[in-house]
Amino acid sequence: MNRLSCRFLVTSVCLLAACFGSAYAQGPKTLDVMPLPANYTLGQGEFPITGKFGIKLEGYTGQRLSSAKRRFLAVLSRETGIPLWREARFRQPEFIVRTAGRGPAVQQLGENESYHLDVTPDRVLLTAPNPLGILHGLQTFLQLVKRTRDGYGAPVVKIYDYPRFPWRGLMIDSSRHFLPVSAIERTLDGMAAVKLNVLHWHLSDDQGFRVQSRKYPLLQEEGSDGLYYTQRQIRAVIRYARDRGIRVVPEFDMPCHTQSWFVGYPQLAAGEGPHHVAIHVGVHDAAMNPTQPYTYEFINGFIGEMAHLFPDAYFHIGGDECNGKEWNGNPQIRHFMRVHHLANDAALQAYFTAKVQKIVASHHKIMMGWDEVLQPETPKSVVIQSWRGQSSLAKAARHGNRAVLSTGYYLDLLESASRMYSVEPLGGPAAKLTPREKKRILGGEACMWTEFVSPENLDSRIWPRTAVIAERLWSPGKMRNAASMYARLAVVARKLKYYGIDPQAETDVMLQRLTGQSDPAALKVLASVVKPSIRGYRRGSREYTTFTPLNGLAAAVPPESVAARHFRNLVERVVSAQATPQERQRARMRLVQWRDNDAKLEPLLRQSPVTADLVPVSKGLKEAAAIGLQAFDDLASHTRMSVETRRRDGKILQSVEEPIANVRDMVAPSVEMLVQAASARRN
Ligand code: TNX
């Protein structure tokens, strides 16, 4: 082929692609699905969902699939408002689910989770080697459903999907604040919606022992405020999770974080009593006595009982944050360390962990622990959960252990979705691992520590951000576009309502309570631009106990302000002179609204001590918005801001950015960008 015809070919391919592109322009360009599937090809048209919708199970059918079908129809009914819970009886079903075989009785790590989903204008075919893939495929379909010109439907698409990592978890701390079974089950529904497959359940800590033990009943009776899960409830949750393709890995943190154990069983403790269930947050001194046979006899009896209750192959023994104070303060323990050549606390803990690992293995479980349990002698079977930095993940993998990443996925640190999205299990120090070592990285877990989380705001702390971590762990690693992530996250947030997860509704109820008004409009405006401040919620703070009410604005607002993020995007376009007139108008209107809000809100805030601390927050927003408006108008009129004004505004903005009443103004940094642009502009 000569050069000319070659160029012709390239051009016609481009032309063809352009035609195709415009034909597709009416339909969605990408799927509004999270996690995004590994492979998909969008076609043209839609599969309509009408009252005649029917779904049929073929091949292997079992209880898990029939209840999945029931739930699927219930969610689809909520998405469309069409009652679909009975199958269409008068027509051939158009949605075929074909499962090749059954899965193992207890869900395994690394089971095949893949599925094919083929949506055409007149039928849908979902196939998978086993029920897990079907569960995932059904969730994908539910996310595809949208309002169409004809009512409701799903776009024509072919999907072949499978996860990048086999361990995609959410850790929930039921100790610091007890979470009722209904909250756990709702969370499991959300996890299933975004294809997470491990609930790591942190069931004991200094602030409460939350599981019924029949063998050692004083654990829950003395070690909690009466709030714990009965074994029956635990079994029900495990069944609920299994139905949704989720494993349940229990964690009983030891030898530290164990203060609640000692109230009923003081003989376990390294320190002297009297022992109480902790009420403060932070690292406590309480530690088990690792030098006496009694401790191991007890642990053996306890793990034996729990190994039965929790069928999963993995068993988490915690192992984090031992400060060694009680070990060093106990002469008998010091003597033991000398005799056994245990040079320091870490060595004593390693001695303990090695014994516990044998106990766990004797009950046919694989031990898992936080990164402190990784020591030179740690058996290769132990799974390490990295939380103090990504380097421990790589270190574990190099050592020959499998590992799960949690650094960067701490929901309680209230970081933005984009920040969490950027955390990559195979990035950082792990990027330098050999392919064989990389295989040992099983995935990751979002962590929901509940020192400052109650059942009331649990959903707003977990959702929708956890969907982003779910995508990081499921979808191909090359998907890193934050704008696309945020666009899809908004859709997922909406979809989660059909599963009973509605963080906005939680916030609204709390704002109503703060104001005593049924429509606290002015407080909503303020609430929409602040985020809770992690500096206010200090773990070591003596100010907080498990009885401190979490009823202020900080507890009510979501971790990330959507309004502030949108405003920031607008400001970025304004200062780079890319904004359209409409966008400029929108940005300006926002500033006017924020500037004028205080006049309405301030008198209301002053009415009660529950809101009085917000007076300066509201005033800060007013000041920041006023500065923003001035800068905005200066920019528009090409007036250069004076050096003095720049300095004064800078100072005000700085003070507005400081957290007050445990919240941070998220608009001020964008106003700062406007001010910078206005003062830099040359005339
Ligand atoms: C550290 S992560 C802890 C938890 C706290 C958490 C708060 C880990 C293994 N230990 O006990 O709840 O920080 O962010």
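All of these numbers come straight from a predicted model, not from anything done at the bench. Counting starts at 1 for both ligands and their atoms, in listed order.
- For E445 (side chain) and V404 (main-chain N/O), no donor-acceptor pair under 3.5 Å exists by modelled atom type.
- Cation-pi geometry between R186 and Y499 is not satisfied (NZ or CZ under 6.0 Å from the ring centre, within 45° of the ring normal).
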Starting from the C-alpha separation in whole Å, work towards a yes-or-no answer on ring-ring contact (aromatic ring centres under 6.0 Å, His included) for Y544 and F452.
CA-CA 9 Å; Y544 287 100; F452 302 104; 4.9 Å; yes
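- Every protein residue with a heavy atom nearer than 4.0 Å to ligand 1 is included here: R176, H257, D320, E321, W370, W387, Y410, D412, W449, E451, R539.
- The aromatic rings of H202 and W449 sit perpendicular to each other, their planes meeting at more than 60°, with 30° as the lower class boundary.
- Not one N or O on the side chain of S213 forms a donor-acceptor pair closer than 3.5 Å with the backbone of F302.
- Using a 4.5 Å heavy-atom cutoff, the side chains of M485 and M34 are in contact.
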